[in-house]
Every structure is written in structure tokens, then in C-alpha cells.
J.: 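Have a look at the structure that comes next, please.
The chain is numbered in sequence order, starting from 1.
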Amino acid sequence: PFDRDQFGGSLGGPLRTGKTFFFVADEELSLRQAITRQASVPSQALRAGLLAVIPPPAINPAGKAVLDLLPAANVGDPITSTRYIAAPLLTETEQMPTVRLDHHISSVDNLSGHYSLFDQNRFNPFDPGVPSFSNLPGYGSPEDTLGQNAGIGWIHVFGPAVINEAKLGFNRNTFSGLLANKGNQSIPGFRTMLTRPVDQGFPDVQITGYDGIGASTSLPMERHNNTFNLADNLAWHPAFNRGRHQFNFGVDYLNIANNSYIDEFSRGFWDFLGVTGNSIEDLLLGVPAVAVSVGGNTSTDLRTSDIAVY
């Protein structure tokens with residue numbers, strides 16, 4: 001299916017004639033769209049053949065659990081095909097309202113203010129990375145983006161040649177990309193890496209020649225950015241030299257705060273390359289060519305300030 005609804009509107013006018021004016025606007029989006037991908041999975045013939053020739057005591061329980069999570073082919077011959085096609089839904093909603101007020105205090109003073117919001121909620125049924133870790137459904141991610149901007153401006157006229165403008169602004173941006181299957185999705189035999197609930201999920205298992213299991217290796221992640229700005233500008237247009245010159249004096253202060261984390265490989269990473277001659281056989285025997293373990297804390301709290309005078 002494909003359902004896209006987009007609508008919006010705006011309205012403005014005086015609240016008090018000649019004194020106060022308003023403007024409001026909003027835009028909305030609602031999206032439901034099927035995303036089709038093809039994945040490579042082990043054929044039923046290969047599964048049955050390997051399980052028949054590998055002695056049961058030699059089969060690794062963790063590897064067998066991963067194999068059981070790989071779906072059977074659904075296109076072509078049910079015994080020999082390795083093609084699996086799925087078309088789950090991508091969903092997205094967006095809201096973008098804006099409000100602005102302008103007030104004429106007096107013949108020498110004008111005040112204005114605004115507030116804008118961007119709120120996006122999106123669910124990716126597959127890993128959104130390019131290239132994606134797996135083309136199998138069930139390993140996507142919910143993403144939430146929230147942006148807010150607010151500002152106040154004051155213009156004061158000291159006289160025909162001198163005007164001052166003061167501005168105060170605030171901007172906040174937040175983003176979270178989490179795991180669609182976050183929680184206790186551990187598989188016995190795969191060690192838990194990071195212990196926070198947000199980091200829990202299926203391990204990332206890559207199998208040469210096939211699509212493995214697991215979400216993006218760069219998830220989960222979150223960031224919160226706050227920017228505060230205070231500026232004042234004085235414009236002077238003197239009468240000397242026939243008014244050919246204009247001078248500007250001012251100060252600009254900027255403060256930025258960033259709080260974030262990116263827990264890459266938070267569920268670990270195992271790569272079965274086929275050292276035995278077949279990557280699925282490697283998986284059943286529990287012999288990865290590469291195994292990555294992580295630990296620690298990736299949280300960052302960054303602060304910086306800047307001031308300019310001219």
C-alpha cells in the first residue's frame with residue numbers, strides 16, 4: 001500500500017489594529033508505504049543436508065538458534081530457492097506548526113517573537129543504513145526527531161541616525177534512533193555486551209552469501225543539542241560627509257550544549273565467512289571468523305561558548 005496525506009494552512013492578521021499582529025501556520029504529513037526488499041536465505045535443501053551430516057553433539061546451540069531465525073524462501077522452488085521477499089510498512093508522521101507575534105509598542109519601539117516546531121516520528125521496517133546490515137524484516141528502527149526554535153526581537157529607535165536591535169534566540173534539536181526489537185532478545189551462547197535496556201536486542205550476525213540477523217550496528221543512538229544566542233546591534237548613520245557612512249557596533253554571544261551517545265556494536269558482532277567451505281556450516285559449528293565485543297560508556301556532554309564584539 002501507499003497512503004500519503006499532506007495538508008496545511010496559514011492565517012494572519014491584526015489582533016489590535018495598528019498595534020499587534022499575528023501569524024500562525026501548520027503543515028502535517030501522514031505516510032504509510034510498503035518497502036519491498038529481497039533477501040538471501042539458506043535453501044531448505046542446504047539446511048536439511050547440513051543437519052544430516054553434522055553430528056548433533058557438534059551442532060552449536062547458538063548457531064542453530066540463528067539458523068532457526070532465518071525464514072524459509074518464499075519465491076521459487078520451496079526446496080532449492082534462496083529468495084525471500086517481504087514488503088512491510090514504513091510509517092511516518094510530521095507536524096510543523098509556527099506562531100509569530102509582532103507588537104508596535106510605540107513610535108520608537110517594536111517587539112516580535114516566534115516559535116516553530118518540527119516533530120517527526122518514523123518507523124523503518126528495515127535497517128535504514130546504506131548498505132543495510134540485513135534485508136530481512138524485523139530489524140528496523142523507530143526514529144523520533146524533534147526540533148524547536150524560539151526567538152524574541154526588540155527594535156528601538158534612538159533617533160533618525162541611531163537604531164538598536166536586540167535578539168534572543170533558542171534552538172533545540174533532539175534525535176533518537178532505537179532498535180525495533182529492543183529488550184531481552186538475547187540468544188543463549190551469545191554474550192551480552194552492554195547492559196542498558198536500550199542496548200538489548202538480537203546479536204548482529206553476518207553470514208557470507210546470505211542476509212544475517214540484527215539491526216544496524218550503529219544503533220541505538222540519541223542526541224540532544226541546545227543552542228542559545230544573544231545578540232545586540234547598534235546602527236549609526238551619521239550626518240557628516242553627507243551621510244555617506246554607516247557604523248555598526250554590537251556583541252554576539254553563542255552557547256552550545258550537546259548530550260549524545262552512539263552505542264555501536266552494542267549487541268556484539270559475529271561474522272561467519274565460510275572457513276569450513278560453507279558459511280552456514282560455520283554457523284552450525286559455531287566457528288565465526290570474526291567476533292567483536294564492546295564495553296564502556298559512549299555518553300558525551302559537550303559545552304562550548306563563543307562571544308564576538310565588533
J.: Side chains of residues 121-128: which donor-acceptor pairs under 3.5 Å do they make with residues two or more places apart or in other chains?
T.:
| unit_1 | atom_1 | unit_2 | atom_2 | d |
| --- | --- | --- | --- | --- |
| Asn121 | ND2 | Asp144 | OD1 | 2.8 |
| Arg122 | NE | Asn124 | OD1 | 2.9 |
| Arg122 | NH1 | Glu92 | OE1 | 2.7 |
| Asn124 | ND2 | Glu143 | OE2 | 3.2 |
| Asp127 | OD1 | Gly129 | N | 2.9 |
| Asp127 | OD2 | Phe133 | N | 2.6 |

J.: Do Ile163 and Ile155 have side-chain heavy atoms sitting under 4.5 Å apart?
T.: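 Result yes, sub-4.5 Å side-chain heavy-atom pair found.
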J.: Could you go through Glu28 and Gln6, starting from their C-alpha distance and side-chain angles, then the distance that decides it, and tell me whether this counts as side chain to side chain contact (heavy atoms under 4.5 Å, CB included)?
T.: CA-CA 6 Å; Glu28 308 273 340; Gln6 188 169 3; over 6 Å; no
J.: Under the side chain to side chain donor-acceptor pair (under 3.5 Å) test, which residues partner Ser112, sequence neighbours left out?
T.: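 Here no residue qualifies.
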J.: Does some side-chain heavy atom of Phe228 sit less than 4.5 Å from a side-chain heavy atom of Tyr253?
T.: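 Sidechains of Phe228 and Tyr253: in contact.
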J.: Test of understanding: with side-chain contact (heavy atoms from CB on, under 4.5 Å), list the residues that count as partners of Asp301, not counting sequence neighbours.
T.: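 Expected list: Asn259, Arg303.
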J.: Can you find a heavy atom in the side chain of Val205 that is under 4.5 Å from one in the side chain of Phe190?
T.: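 A side-chain contact exists here, since the closest heavy-atom pair is under 4.5 Å.
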J.: Please report the closest heavy-atom contact between Ala86 and Pro137, naming both atoms and the distance.
T.: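 Scanning both residues completely, I find the closest heavy atoms to be CB-CG, 3.8 Å.
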J.: Answer yes if the side chains of Arg4 and Gln33 hold a donor-acceptor pair under 3.5 Å, and no otherwise.
T.: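 There is no such pair (donor and acceptor under 3.5 Å, judged by atom type) between the side chains of Arg4 and Gln33.
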J.: Which donor-acceptor pairs under 3.5 Å do the side chains of residues 69-76 make with protein atoms, sequence neighbours left out?
T.:
| unit_1 | atom_1 | unit_2 | atom_2 | d |
| --- | --- | --- | --- | --- |
| Asn74 | OD1 | Ile85 | N | 2.9 |
| Asn74 | ND2 | Ile85 | O | 2.9 |

J.: To the nearest 0.5 Å, tell me how far Trp270 CH2 sits from Ser293 OG.
T.: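 So the CH2 of Trp270 and the OG of Ser293 are separated by 7.5 Å.
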J.: Do Leu178 and Leu90 belong together in a cluster built from hydrophobic side chains that touch within less than 4.5 Å?
T.: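 Not linked; separate clusters.
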J.: Is it true that the side chains of Asn233 and Tyr310 contain a donor and an acceptor less than 3.5 Å apart?
T.: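 Yes, a side-chain donor-acceptor pair sits under 3.5 Å.
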J.: Any luck finding a side-chain donor-acceptor pair between Thr298 and Asp263 under 3.5 Å?
T.: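 Side chains of Thr298 and Asp263: pair found under 3.5 Å.
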J.: Mind checking side-chain contact (heavy atoms from CB on, under 4.5 Å) for Asp232 and listing every partner two or more places apart, or none if nothing turns up?
T.: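 If we apply the side-chain contact (heavy atoms from CB on, under 4.5 Å) test to Asp232, skipping adjacent residues, the hits are Asn164, Ala166, Val251.
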J.: Looking only at non-hydrogen atoms, find the nearest pair between Phe272 and Ser279 and report the distance.
T.: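 In this case the closest contact between Phe272 and Ser279 is O-CB, 3.5 Å.
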J.: Can you tell if the side chain of Leu194 reaches within under 4.5 Å of the side chain of Arg196, non-hydrogen atoms only?
T.: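 They are not in contact (no side-chain heavy atoms under 4.5 Å apart), so the answer is no.
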J.: Sequence neighbours excluded, which residues qualify as salt bridge (Lys or Arg N to Asp or Glu O under 4.0 Å) partners of Lys167?
T.: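 Partners of Lys167 under the salt bridge (Lys or Arg N to Asp or Glu O under 4.0 Å) test: Glu165.
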J.: Out of curiosity, Asn149 CG to Ser116 OG, how far, rounded to the nearest 0.5 Å?
T.: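 The OG atom of Ser116 is 5.5 Å from CG of Asn149, to the nearest 0.5 Å.
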J.: Does the side chain of Asn110 reach to within under 4.5 Å of the side chain of Asp102, using non-hydrogen atoms?
T.: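 The answer is no; the side chains never approach within 4.5 Å.
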J.: State the CG-CG distance between Leu101 and Leu111, to the nearest 0.5 angstrom.
T.: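 Rounded to the nearest 0.5 Å, the CG-CG separation comes to 9.0 Å.
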J.: Just to verify, what does Asp204 make a salt bridge (Lys or Arg N to Asp or Glu O under 4.0 Å) with, not counting sequence neighbours?
T.: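 Result, salt bridge (Lys or Arg N to Asp or Glu O under 4.0 Å) vs Asp204: Arg267.
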J.: Against Ser266, only a single residue in Asp199, Leu219, Thr192 fulfils side chain to side chain contact (heavy atoms under 4.5 Å, CB included); can you say which?
T.: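 In the set Asp199, Leu219, Thr192, the residue that makes a side chain to side chain contact (heavy atoms under 4.5 Å, CB included) with Ser266 is Asp199.
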J.: Can you find a heavy atom in the side chain of Val292 that is under 4.5 Å from one in the side chain of Thr217?
T.: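 Not in contact.
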J.: Out of curiosity, Asn60 CG to Asp282 CG, how far, rounded to the nearest 0.5 Å?
T.: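 Between atom CG of Asn60 and atom CG of Asp282 there are 11.5 Å.
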J.: According to salt bridge (Lys or Arg N to Asp or Glu O under 4.0 Å), who are the partners of Asp119, at least two apart in sequence or on a separate chain?
T.: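 Result, salt bridge (Lys or Arg N to Asp or Glu O under 4.0 Å) vs Asp119: none returned.
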J.: Side-chain contact test, heavy atoms from C-beta onward, threshold under 4.5 Å: evaluate it for Met221 versus Phe175 and give yes or no.
T.: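 Sidechains of Phe175 and Met221: in contact.
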J.: Can you list the residues that meet the side-chain contact (heavy atoms from CB on, under 4.5 Å) rule with Ala58, with sequence neighbours excluded?
T.: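 Listed in chain order: Ile54, Pro55, Leu285.
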J.: For the pair Arg32 (side chain) and Leu89 (backbone), establish whether a donor and an acceptor sit closer than 3.5 Å, ignoring hydrogens and angles.
T.: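 Not confirmed, Arg32 side chain does not pair with Leu89 backbone.
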J.: For Arg172, enumerate each residue passing the side-chain contact (heavy atoms from CB on, under 4.5 Å) test, keeping only those at least two apart in sequence or located in another chain.
T.: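 Scan of Arg172 (side-chain contact (heavy atoms from CB on, under 4.5 Å), adjacent residues dropped) gives Gln148, Phe170, Thr174, His224, Asn226.
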J.: Going by the rule side chain to side chain donor-acceptor pair (under 3.5 Å), which residues pair with Glu94 if we only count those two or more places apart in sequence or in a different chain?
T.: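 Side chain to side chain donor-acceptor pair (under 3.5 Å) list for Glu94, sorted by chain: Gln120.
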J.: Are the side chains of Leu67 and Arg47 in touch, meaning some heavy atoms are under 4.5 Å apart?
T.: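 Yes, side chains in contact.
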J.: Is the His156 ring parallel, tilted or perpendicular to the Trp154 ring (thresholds 30°, 60°)?
T.: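 Answer is tilted, since the angle falls between 30° and 60°.
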J.: Surrounding CG of Leu146 (heavy atoms of other residues, nucleotides or ligands, distance under 6.0 Å), is the total greater than 12?
T.: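 Check passes, neighbour count above 12.
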J.: If you measure only the distance, is there a donor-acceptor pair under 3.5 Å linking the side chains of Ser260 and Thr300?
T.: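 Indeed, the side chains of Ser260 and Thr300 share at least one donor-acceptor pair under 3.5 Å.
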J.: Sequence neighbours left out, what passes side chain to side chain donor-acceptor pair (under 3.5 Å) with Thr145? Give chain and number order.
T.: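 Thr145 satisfies side chain to side chain donor-acceptor pair (under 3.5 Å) with no other residue.
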J.: If you measure from CD on Gln44 to CG on Leu46, what distance do you get to the nearest 0.5 Å?
T.: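 Going from CD on Gln44 over to CG on Leu46, the span is 9.5 Å.
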